[in-house]
4 protein chains.
Amino acid sequence: MNDGSFTVKGFLEVKKDKPKYKQIIDAAVVVIAENGYHQSQVSKIAKQAGVADGTIYLYFKNKESILISLFEEKMGHFTEKIREEIKGNKTSIEKLLKLIETHFLLLSEDYNLAIVTQLELRQTNLDLRLKINEVLKEYLHIIDSILIEGVQSGEFDPILNIRIARKMIFGTIDEVLTHWVMSGHKQSLVDKARDVHHLLIRGCGYRQEDSRLLEQ
Amino acid sequence: MNDGSFTVKGFLEVKKDKPKYKQIIDAAVVVIAENGYHQSQVSKIAKQAGVADGTIYLYFKNKESILISLFEEKMGHFTEKIREEIKGNKTSIEKLLKLIETHFLLLSEDYNLAIVTQLELRQTNLDLRLKINEVLKEYLHIIDSILIEGVQSGEFDPILNIRIARKMIFGTIDEVLTHWVMSGHKQSLVDKARDVHHLLIRGCGYRQEDSRLLEQ
Amino acid sequence: MNDGSFTVKGFLEVKKDKPKYKQIIDAAVVVIAENGYHQSQVSKIAKQAGVADGTIYLYFKNKESILISLFEEKMGHFTEKIREEIKGNKTSIEKLLKLIETHFLLLSEDYNLAIVTQLELRQTNLDLRLKINEVLKEYLHIIDSILIEGVQSGEFDPILNIRIARKMIFGTIDEVLTHWVMSGHKQSLVDKARDVHHLLIRGCGYRQEDSRLLEQ
Amino acid sequence: MNDGSFTVKGFLEVKKDKPKYKQIIDAAVVVIAENGYHQSQVSKIAKQAGVADGTIYLYFKNKESILISLFEEKMGHFTEKIREEIKGNKTSIEKLLKLIETHFLLLSEDYNLAIVTQLELRQTNLDLRLKINEVLKEYLHIIDSILIEGVQSGEFDPILNIRIARKMIFGTIDEVLTHWVMSGHKQSLVDKARDVHHLLIRGCGYRQEDSRLLEQ
DNA sequence: AATGAATGAGCCTTCATTCAT
DNA sequence: AATGAATGAAGGCTCATTCAT
């Protein structure tokens, strides 16, 4: 449940800042990407992290919590980065493009992480996946707020079904990513961002000829 | 011994049609849906199927092949049913709606199967998932042919990126399904079909006001 | 215990003469030689024999009894053949040479059988090996009678320890055979017979210069 | 993890010298002697050794490697002991006697080990037996060097076929031992050594009346 | 006599986790 | 804080044998 990190209010946050906590998470990404989830024993992760097996359990409650923390840590960085990137953009159209591009870019830059999040982490049991979904909510909230803003600004269909639209956006991005990872990341992912964006905003009711916000 | 073997005995007799083969697959669906993939031991499946453990291995090479056959069998039925259903429809718009509705309907009618395909089968190792993807190709081909037809008929964007559109359609349907299964299938899935369809065809460039094919 | 053969006194012996009984034993030799004892399942032997699995059990009580019968049948032929061959020889020296030569010749002519008796049949459990030893006694009796005769005729040491000498003769022949089989029967086995014989009779106290019985 | 690994900790520390490694091997000898090879499950060996099942696999790669190590360890001790014992003897005749006596004595003192090496270890598959043969080579080399020395010193036949003689010596010793074990070690094994030796050296061409080296 | 589909007992090995040091 | 040796539960698969046809 808890990833093993302790925060002392009013005092200094202790574990997450320590190198070893991140060491282990980064080791997990490498080991899982290289060996696959089912071949990523705790001892392998410990070895890669340069610590003893037992040390893992000083920082994480159990193996599952390494994965949850991994996802929290990386996805947290994701949402943070995406929030930053879309901040400067005026329209929802632009924000959505930035979201897709940033998502694609971040995974392009870390193919190991892409393997882990798109393929390996899905081989885990339902409990873990439910917790991962918790973490994903933050990301879905960003999509939702872009959609709501877009509806209010008139960029999108005024009667857009936000929940379905959110699933379309997330599902499409996810499907594109998974395909890209599975086919061995031969093609440029970032290059696909505009095409994906194009279809998605049109699906949300945006009409290119009506408003030229995106035009360059 | 192996699934997929054919015996001619007076008439064409496919082993797959023999009761025990299907018995085991149906048992697997029930057991996996109820216990989760990692808690679905071969002995449990055998018990549910009403056969001895060893009997499983007369019909399947190993545990993994039960799952592949399960997917082939069920997905085969899916694509077959979908092909049938879309046959009678004239426009691509209508065909896509029929595809979504049929997909939703079939999983609505068999919630256990929905759990298995949307959640449990994804917890398997990469090898199995690659084989499952092989099976999925058939489904993706149907989507592709609808899209190509729609582009040719002028219903969809003449410069539609088919590969991305296919991923949008599949990714969206998949995301909607997974969410529906994970949230405990409280809401009607089939009711969502029109909304999903609406967003997807718009994403593909369809303009409601231009052509009224779908109108009732 | 019983090999499954039935003899009706005064009437015709039934099973052993029937082709299927021998068919199965011969199939066992081939299958065991080709696959090794632990990979020689009953079903494989049945297939090689051209009968159904269940048919095996009409002729043999269980798998073990196939092996015992195999050994009895083949070893019986051995001792019979050896008895025949040594009958015509006058001296014990000559008889022992004939025994060795015949043993070597028979296994040279049937390498599969050599593999089975020298290597594979020894991988069986102790019970079976005790029964095989029973069968071997006949062979050891022949050695004994040659030795006793040789002592009486003055060819061998008058105070020869027969039991030890028997073990020397059998142990040496066995060791030469096993080495020949394990090293892939590249060299001629029969060519070694005279050298083996030479050492063994000398060990038994025979003195070439004293009597010239063997000279040509 | 693996047997045969070396760790330097202040001094030369061989893993094989660690108590647990030997504990397990000794437990294996007891369990196999008492239950037979095919009834000697890893769990039984672990229980006898007083360790957990999994601990076995910290010291041995798999079950088979317990047996190989067992043989290496015990046979290594054998050859070492035999080399020591024959060192002090002048003639080949004496050395061979010492070899036989030592071999017989060592197995007389450890009947469990005798059961394992003479009966149970032979029930293993061919692969394992080939590895065991590797270990046996050391023993055969000792025999060879005694023979060569004996030929050079004139004790043995100057044109002695060393390879056959070696097989005679080893085959005879082995046959005597196996018979002794199978018949329940009722008789004294060491008492047989002189008789066995007597036959073997005579087989190698030694003539008692010519040289009186062995006489007391 | 012959078949062959069905049975079900039995075991090696892995690996997350603990705890004495 | 750190170590890493030790633990022990848990399951997929094989194959000799049976028996209804």
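Remember, predicted model here, so these are calculated numbers, not experimental data. Within every chain, numbering begins at 1; the chains are lettered A, B, ... in the order of the sequence lines, protein sequences first and strands thereafter.
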Contact under 4.0 Å: [X] side-chain N or O vs [N] OP1/OP2:
{"X": "A:K20", "N": "F:dA2", "answer": "yes"}
{"X": "C:K44", "N": "F:dC15", "answer": "no"}
{"X": "D:Y59", "N": "F:dA6", "answer": "yes"}

Rounding to an integer number of Å, can you tell me how far [X] [atom1] sits from [N] [atom2]?
{"X": "A:K47", "N": "E:dC15", "atom1": "NZ", "atom2": "C1'", "value": "15 Å"}
{"X": "B:K63", "N": "F:dC13", "atom1": "NZ", "atom2": "P", "value": "8 Å"}
{"X": "D:I45", "N": "E:dT13", "atom1": "CD1", "atom2": "P", "value": "11 Å"}
{"X": "A:N62", "N": "E:dC15", "atom1": "CG", "atom2": "C1'", "value": "14 Å"}
{"X": "C:N35", "N": "F:dC15", "atom1": "CG", "atom2": "P", "value": "11 Å"}
{"X": "D:I24", "N": "F:dA5", "atom1": "CD1", "atom2": "P", "value": "14 Å"}
{"X": "B:H38", "N": "E:dC15", "atom1": "NE2", "atom2": "C1'", "value": "15 Å"}
{"X": "A:I56", "N": "F:dA1", "atom1": "CD1", "atom2": "C1'", "value": "14 Å"}

Would you kindly compare A:Q41 and B:T55 by the position of their nearest DNA chain E nucleotide and give the one closer to the 5′ end?
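With A:Q41 and B:T55 compared, the 5'-side residue is B:T55.
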Can you work out whether D:Q39 or B:D53 has the more 5'-proximal nearest nucleotide on DNA chain E?
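Result: B:D53.
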From the options F:dT14, F:dT3, F:dA5, select the nucleotide whose nearest atom is closest to the side chain of D:L58.
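For the D:L58 side chain, the nearest candidate turns out to be F:dA5.
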Need one value for D:V42: base, sugar-phosphate or nothing, where a base atom within 4.0 Å counts as base even if backbone is also close, heavy atoms only.
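Contact class for D:V42: base.
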For B:K61, is there any backbone N or O sitting under 3.5 Å from a side-chain donor or acceptor partner on B:S65?
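Such a contact is found between B:S65 side chain and B:K61 backbone.
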Can a donor-acceptor pair be found, under 3.5 Å and without considering hydrogens, that links the side chain of D:Q48 to the backbone of D:V31?
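Between the backbone of D:V31 and the side chain of D:Q48 there is no qualifying donor-acceptor contact (under 3.5 Å).
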Do the charged groups of D:K44 and D:D53 touch, with an N to O distance under 4.0 Å?
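No salt bridge links D:K44 with D:D53.
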Base-pairing mate for E:dT21 - Watson-Crick or G-U, with both contacts under 3.5 Å
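Pair assignment: E:dT21 / F:dA2.
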State the pairing partner of F:dG11; accept Watson-Crick or G-U wobble contacts with both distances under 3.5 Å, and report none otherwise.
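Checking every strand shown, F:dG11 finds its partner in E:dC12, with both distances under 3.5 Å.
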Between A:G54 and C:Y57, which has a closest nucleotide on DNA chain F that is more 5'?
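On the 5' side of the pair lies A:G54.
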Nearest nucleotide by nearest heavy atom, which residue falls closer to the 5' end of DNA chain F, A:A52 or B:S40?
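Upstream on the strand: A:A52.
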Is there a side-chain contact between C:Y21 and C:S69 in this structure, where contact means two heavy atoms from C-beta onward sitting under 4.5 Å apart?
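They are in contact (side-chain heavy atoms under 4.5 Å apart), so the answer is yes.
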At what distance, to the nearest 0.5 angstrom, does CZ of D:R129 lie from CD1 of D:I68?
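Nearest 0.5 Å value for the CZ-CD1 distance: 13.0 Å.
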